[in-house]
Each structure stands twice: as C-alpha cells, then as structure tokens.
Amino acid sequence: MAASVATAGLLVLGSLAGAGSAAADGGDVHHQGGAVATLDGLKTYDTARLDVGNGRTKDISAGLFEMSVEGGGQLQTYCIDIHNPTQNKAKYLETPWGQTSLGNNNDAGKILWILRNSYPQVDDLNALAQKSGAGKLSPKTAAAGTQVAIWRFSDKAKVEAKDRRAEKLADWLEAQAQNLQEPKTSLTLDPNAVSGKSGSKIGPVTVHTDAEKVSVAANSDATAAGIKVTDKDGQPITSVNDGTELYFDVPAGTPDGTASLTAKATTQVPVGRAFASPSKSQTQILAGSTESTISADATVNWASKGAIPSVTAEKNCSANGIDVKVSNDGDAPFTFKLGDAEHTVPAGETKTVTVPVGEDEAYDITVTGPDGFSERFQGVLDCETQGTPAPSTGGSGGTPPTSPAPSPSDTDGGATGETTGGTTGDTTGGTTGDKTGGTTGGGDLAETGSSSATPLIAGLAVALVAAGGAALFLLRRKKAAGQ
C-alpha cells in the first residue's frame with residue numbers, strides 16, 4: 001500500500017509540474033514587430049516592504065531584471081505588475097502601452113520620467129545620490145529605490161525601500177516625476193497582413209521605428225513567386241526609415257497564394273517600451289538596452305478573383321478582449337467563422353469582432369473560412385496590475401524564486417518569513433536567505449515569481465508521505481497482531 005501511495009504521489013506531482021510548464025510556455029501571438037526576448041531573471045536588487053493591508057507588510061525583492069533578445073542583445077527592465085509573478089525563462093514581446101495596464105494609467109508618463117532620470121540610465125551614482133539627498137547609493141540600492149518609485153505609479157502600491165538611502169531616492173523620484181509621451185516602437189509593421197488581387201501592388205504596410213535605418217527583403221516564398229517589395233511608386237526598395245509605406249508587387253497571372261517580407265533593424269530599444277508575455281508572467285518596462293537586432297514580418301494573400309481575406313488581431317484592454325480584424329480586398333463577400341458565430345465581410349470592406357476575454361485568461365482564437373482558410377491567435381490577456389498568479393516554472397537549481405506578490409508569511413513569521421525569521425527569511429536569519437530575501441545563494445535566486453502551485457504541490461507531497469507512513473504503520477501492527 002505504501003509503495004502504491006508513493007507511486008501515485010509521483011504521478012500526481014509529475015502531472016502538476018507538467019501542467020505548470022505548459023502554462024508557462026504560452027502561445028505565440030501574431031506579433032506586429034518589436035523586440036522579442038527571454039527573461040533571464042532579477043539580477044540587481046535589494047529589499048522593499050509592501051503594505052498588504054490589515055496592518056501587515058511583506059518583504060519583497062525590488063530591482064532590475066535582465067532579458068536576452070532573440071537575434072542578439074540584452075535588455076534591463078523593471079516590473080510594472082507587482083501582484084503577479086514572473087515565469088522562469090518566459091518569452092516577452094515589445095508591446096504598446098495601450099495593450100498593457102499602462103493604457104489606463106494616467107501616471108504612465110511619470111514612470112518614463114523616472115526611467116530616464118534614474119539608474120541605470122543615470123550611472124553616476126554619486127551625482128544621483130547628491131541630487132536626491134540619498135547620501136550614498138550602490139547599484140543595488142539605486143535599483144531598489146527606482147523600482148519602488150515605479151511601483152507607486154504603476155500599481156498605486158504602498159511600498160517602501162527598506163534601505164533608508166534607497167527610500168530617499170524613491171521619494172525624490174516620486175516627487176519630481178513628470179508625465180512624458182510614450183516612446184516610439186523599436187520596429188513595427190502595421191498592418192502585418194494585407195491582401196489584394198494579383199497584377200497589382202498590395203498594401204500599404206507602414207514601417208514604424210525608432211531606428212535610423214531598416215532593411216527590407218522579400219522572403220523566399222515571395223521571391224519564388226516573382227513578388228517584389230516596392231515603395232508607393234512601384235520602385236524596388238531594400239532600405240527604409242520611419243513612416244515608409246511598403247507594397248507587395250504581385251505580377252499578373254501569379255497563381256493564388258500567400259507570401260511574406262521581413263524588416264530588420266539594429267538599434268537600442270527605446271527606454272520606456274513595455275514588454276508583455278504571451279504566458280502569464282508579470283509585465284515589464286524597459287530601463288536599458290544594448291544594441292539589439294529587431295525584426296518584423298508582414299504577409300500578403302492574393303488571388304485573381306473572389307474573396308481575398310487578411311486577418312490581424314490585437315489586445316483591446318478598454319474592451320476586455322481581443323480585436324479580430326478581417327479585411328476583404330477581393331470582389332466577392334468573404335464569410336468566416338469565429339467561435340460558434342458566422343460573419344460576412346463584403347468585398348472591399350473590413351469587419352472587426354471583439355472576442356471577450358477575462359483578465360489573466362489564456363485565449364486561443366481561430367478564424368476559419370472557405371478553401372481551408374485558417375488563422376490562429378493565442379496569448380494571455382494581461383491588462384490590469386491585480387490578477388491571479390499563475391504557477392511558476394521555478395528558478396535556478398529547481399528552487400522556486402521569490403515573488404513581489406504577497407507570499408504566505410508576513411511580519412509575524414511563517415514558512416517564507418522575513419524580519420522575525422523563517423525558512424527562507426532575510427536579515428534576521430532565514431536558513432537559506434540572504435540580506436535581500438533570496439531563496440538560495442546564487443544564480444537567479446531573486447527572480448520574482450513565487451509559484452502559486454508550489455504550496456499545493458508541497459501539501460500533496462506531505463499528505464502522500466503521511467498516508468504512506470500511516471499505511472506502513474497499520475500493516476506492521478496487523479502483522480504483529482497476527483503473530
């Protein structure tokens with residue numbers, strides 16, 4: 001019986017762990033462009049204290065994350081989503097403010113001011129300390145003070161830095177902050193899908209970028225079909241800048257089909273750009289960037305006659321859903337199915353359908369039409385700063401990282417205690433803690449993102465072990481009684 005219970009426990013735990021990994025992987029949205037990066041963890045940080053209500057506070061890690069950009073380059077980011085955890089090695093997409101919690105935040109521009117006027121953009125810490133009256137700052141306390149000031153605007157959180165110098169910096173940044181305009185995208189193609197008749201220029205696809213120069217090339221599928229990328233005058237084009245309109249020149253008689261182009265730029269992603277994850281991982285905002293390689297794709301559908309559809313989708317935070325936009329540049333109506341509903345777009349017109357999605361819910365939307373037409377969009381709607389934490393995939397060495405979101409303990413102690421001590425405590429002697437409340441001694445120990453599944457898994461493990469022990473004890477008593 002004990003062996004059976006233990007085996008069942010392994011199966012349950014394995015199943016839960018697998019489910020957590022699947023949730024963290026997330027789906028891939030039809031991204032309109034911008035940097036795509038992978039979270040490497042919280043790297044430069046100190047401790048802050050969050051007021052969680054009812055006279056209770058929570059110690060949390062506050063500071064700079066790092067990300068690796070696909071194609072090369074590194075990013076530094078701060079959190080703007082204090083109550084949600086990060087997912088280990090989560091994928092992040094550069095995202096407009098309007099598709100994040102910043103879209104409905106009147107103080108979003110003040111966060112940008114803080115980013116431009118504090119660490120790491122201001123790397124002269126002596127000058128920053130003197131200007132703010134902080135006395136002396138280290139990279140850790142500067143990062144913590146900056147993060148605390150950001151949280152006061154991004155989440156309206158009651159939070160303070162535990163280090164008095166970091167707190168002094170946070171207060172100064174909060175008092176000085178001014179509203180600034182959202183920075184330009186690093187590179188976006190809008191729209192990223194177009195359609196039209198063969199024998200014409202199909203477009204436009206407009207380039208939006210902060211880079212001085214963007215290279216553009218037709219992909220192999222377009223080249224094989226004899227399709228060229230041109231400007232509005234029909235001239236082939238390979239180098240563009242912000243505001244350039246691109247067209248697909250599809251020769252007459254080209255068999256009906258689809259093709260694509262790719263735009264690339266090497267640039268520093270502008271400070272203040274938001275980064276959201278297709279999985280359930282807390283939203284970030286850019287604080288610094290090395291030179292990175294950014295790419296964006298656009299597709300074209302063409303035909304000689306009939307309906308010629310193209311489909312795009314984007315988050316609509318104000319409507320709590322996903323806007324699915326279907327365009328028909330053909331000469332016949334296009335009828336498509338979205339969920340259980342059927343819609344028709346007349347020739348030459350566009351129809352937008354908003355699919356309701358709950359906050360923090362994953363969505364998987366498929367648009368289908370005649371002749372096997374299908375477009376799929378996946379992701380997670382994350383428009384608010386308050387939400388239900390998702391299971392974390394864990395930190396380095398298999399140890400779940402700490403979270404900025406309130407964990408089970410508070411100032412009167414607990415399993416992940418703080419000032420009064422606990423097994424992963426901080427300054428007063430948690431058994432594996434350090435001065436900043438990390439769970440282990442190295443690596444990505446302080447990545448925010450405590451797993452909401454971890455207590456469940458731990459509880460199941462304890463229960464299963466107890467059940468196994470009880471079964472073994474009963475069997476031994478029965479055997480002894482029989483003898």
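Counting heavy atoms from C-beta outward, Asp231 and Glu245 have side chains that stay 4.5 Å or more apart. Between Cys79 and Gln282, the closest side-chain pair of non-hydrogen atoms falls below 4.5 Å. You'll find the side chain of Leu246 reaches within 4.5 Å of the side chain of Val240, heavy atoms only. When side chains are defined from C-beta on, Lys315 counts as touching Ile322, because their heavy atoms get closer than 4.5 Å. Contact of the Pro120 side chain with the Leu64 side chain is registered, since non-hydrogen atoms from C-beta on lie closer than 4.5 Å. Side-chain atoms of His343 and Leu338, non-hydrogen and from C-beta on, do get closer than 4.5 Å to each other. Ser304 has its side chain within reach of Asp256: a pair of non-hydrogen atoms, C-beta onward, lies under 4.5 Å apart. When side chains are defined from C-beta on, Val214 does not count as touching Ile294, because their heavy atoms never get closer than 4.5 Å.
Comment: Glu174 does not engage Lys110 in a salt bridge, judged by the lack of any side-chain N to carboxylate O separation of less than 4.0 angstrom. Using a cut-off of 4.0 Å between Lys/Arg side-chain N and Asp/Glu carboxylate O, Arg273 and Glu94 are scored as salt-bridged. The pair Arg49-Asp59 counts as a salt bridge, with a side-chain nitrogen and a carboxylate oxygen less than 4.0 angstrom apart. Salt-bridge formation is detected for the pair Asp107/Lys156: a Lys NZ or Arg NE/NH1/NH2 atom is positioned less than 4.0 Å from an Asp or Glu carboxylate oxygen. In this structure, Arg376 pairs ionically with Asp364, as a charged nitrogen and a carboxylate oxygen lie closer than 4.0 Å.
A distance-only check finds a donor-acceptor pair linking the side chain of Ser154 to the backbone of Ile150 [under 3.5 Å]. A donor-acceptor distance shorter than 3.5 angstrom exists from the side chain of Ser289 to the backbone of Val269, with no hydrogens or angles considered. Remark: side-chain polar atoms of Glu359 are paired, donor with acceptor, to backbone N or O of Cys383 under 3.5 angstrom. Of the possible polar contacts, none joining the Asn105 side chain to the Ser101 backbone as a donor-acceptor pair under 3.5 Å is found. Of the possible polar contacts, one joining the Trp97 side chain to the Gly272 backbone as a donor-acceptor pair under 3.5 Å is found. In this structure a side-chain-to-backbone donor-acceptor pair under 3.5 Å is present from Thr95 to Leu93. Counting only distance, with no hydrogens or angles, the side chain of Trp151 and the backbone of Asp81 share no donor-acceptor pair below 3.5 Å. Thr146 places a side-chain N or O within donor-acceptor distance of the main-chain N or O of Ala142, the cut-off being under 3.5 Å. Listed for the Asp46 side chain is no donor-acceptor partner under 3.5 Å among the backbone atoms of Lys140. Under the 3.5 Å distance criterion, the side-chain polar atoms of Glu167 are matched with a main-chain donor or acceptor of Ala161.
Within a 6.0 Å sphere centred on CG of Asp124, other residues, nucleotides and ligands contribute more than 12 heavy atoms. Counting non-hydrogen atoms of other residues, nucleotides and ligands closer than 6.0 Å to CD of Gln130 gives a total of 12 or fewer. For CG of Asp233, the number of neighbouring non-hydrogen atoms (other residues, nucleotides, ligands) closer than 6.0 Å is greater than 12.
One side chain, Asn301 or Thr258, offers a donor N or O that lies under 3.5 Å from an acceptor on the other. With hydrogens and angles left out, the side-chain atoms of Thr283 and Thr100 include no donor and acceptor closer than 3.5 Å. Side-chain atoms of Gln284 and Thr77 include a donor-acceptor pair closer than 3.5 Å. Between the side chains of Asn316 and Ser318, at least one donor-acceptor pair of N or O atoms lies under 3.5 Å. For the residue pair Ser279 and Ser277, a side-chain donor N or O sits within less than 3.5 Å of a side-chain acceptor on the partner. Residues Tyr92 and Thr38 bring no donor and acceptor atom of their side chains to less than 3.5 Å of each other. Using a 3.5 Å distance cut-off with no hydrogens or angles, the side chains of Ser215 and Ser239 do not pair a donor with an acceptor. For Ser68 and Gln74, the side-chain atoms include at least one donor-acceptor pair closer than 3.5 Å. For Thr141 and Asp163, the side-chain atoms include no donor-acceptor pair closer than 3.5 Å.
Closest heavy-atom contact between Asp40 and Lys89: OD1-NZ, 3.3 Å. In this structure, Ala166 and Ala144 approach most closely via the heavy-atom pair CB-CB, 4.5 Å. When all heavy atoms of Ser327 and Ser195 are compared, the closest pair comes out as O-OG, 4.2 Å. Nearest approach of Lys280 to Asp360, heavy atoms of both residues: CE-CB, 3.5 Å. Residues Ala35 and Val69 share a closest heavy-atom pair of CB-CG1, 4.5 Å.
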Verdict with reasoning, Phe248 to Leu261, per side-chain contact (heavy atoms from CB on, under 4.5 Å): CA-CA 9 Å; Phe248 292 91; Leu261 64 80; 3.3 Å; yes
Lys232/Tyr247 under side-chain contact (heavy atoms from CB on, under 4.5 Å): CA gap, chis, key distance, verdict: CA-CA 7 Å; Lys232 61 182 179 180; Tyr247 293 81; 3.6 Å; yes
Evaluation steps, side-chain contact (heavy atoms from CB on, under 4.5 Å), between Val205 and Asn192: CA-CA 7 Å; Val205 173; Asn192 61 351; over 6 Å; no
Glu160 and Arg152: CA distance, side-chain angles, deciding distance, side-chain contact (heavy atoms from CB on, under 4.5 Å) verdict: CA-CA 9 Å; Glu160 296 180 350; Arg152 291 174 183 174; 4.1 Å; yes
Stepwise ring pair (Phe, Tyr, Trp, His ring centres under 6.0 Å) test for Phe373 and Phe334: CA-CA 11 Å; Phe373 181 90; Phe334 174 66; 5.4 Å; yes
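Applying side chain to side chain contact (heavy atoms under 4.5 Å, CB included) to Val207 and the options Leu187, Thr188, Asn241 leaves one that passes, Leu187. With Asp210 as the fixed residue, the side chain to side chain contact (heavy atoms under 4.5 Å, CB included) test singles out one of Pro270, Pro183, Ser186: Pro270.
Residues satisfying the salt bridge (charged side-chain N to carboxylate O under 4.0 Å, His left out) criterion with Lys197, sequence neighbours excluded, are Asp331. Remark: Glu349 pairs with Val345, Pro346 by the side-chain contact (heavy atoms from CB on, under 4.5 Å) rule, at least two apart or across chains. For Ser260, the side-chain contact (heavy atoms from CB on, under 4.5 Å) criterion is met by Asn219, Asp221, Thr299, not counting sequence neighbours.
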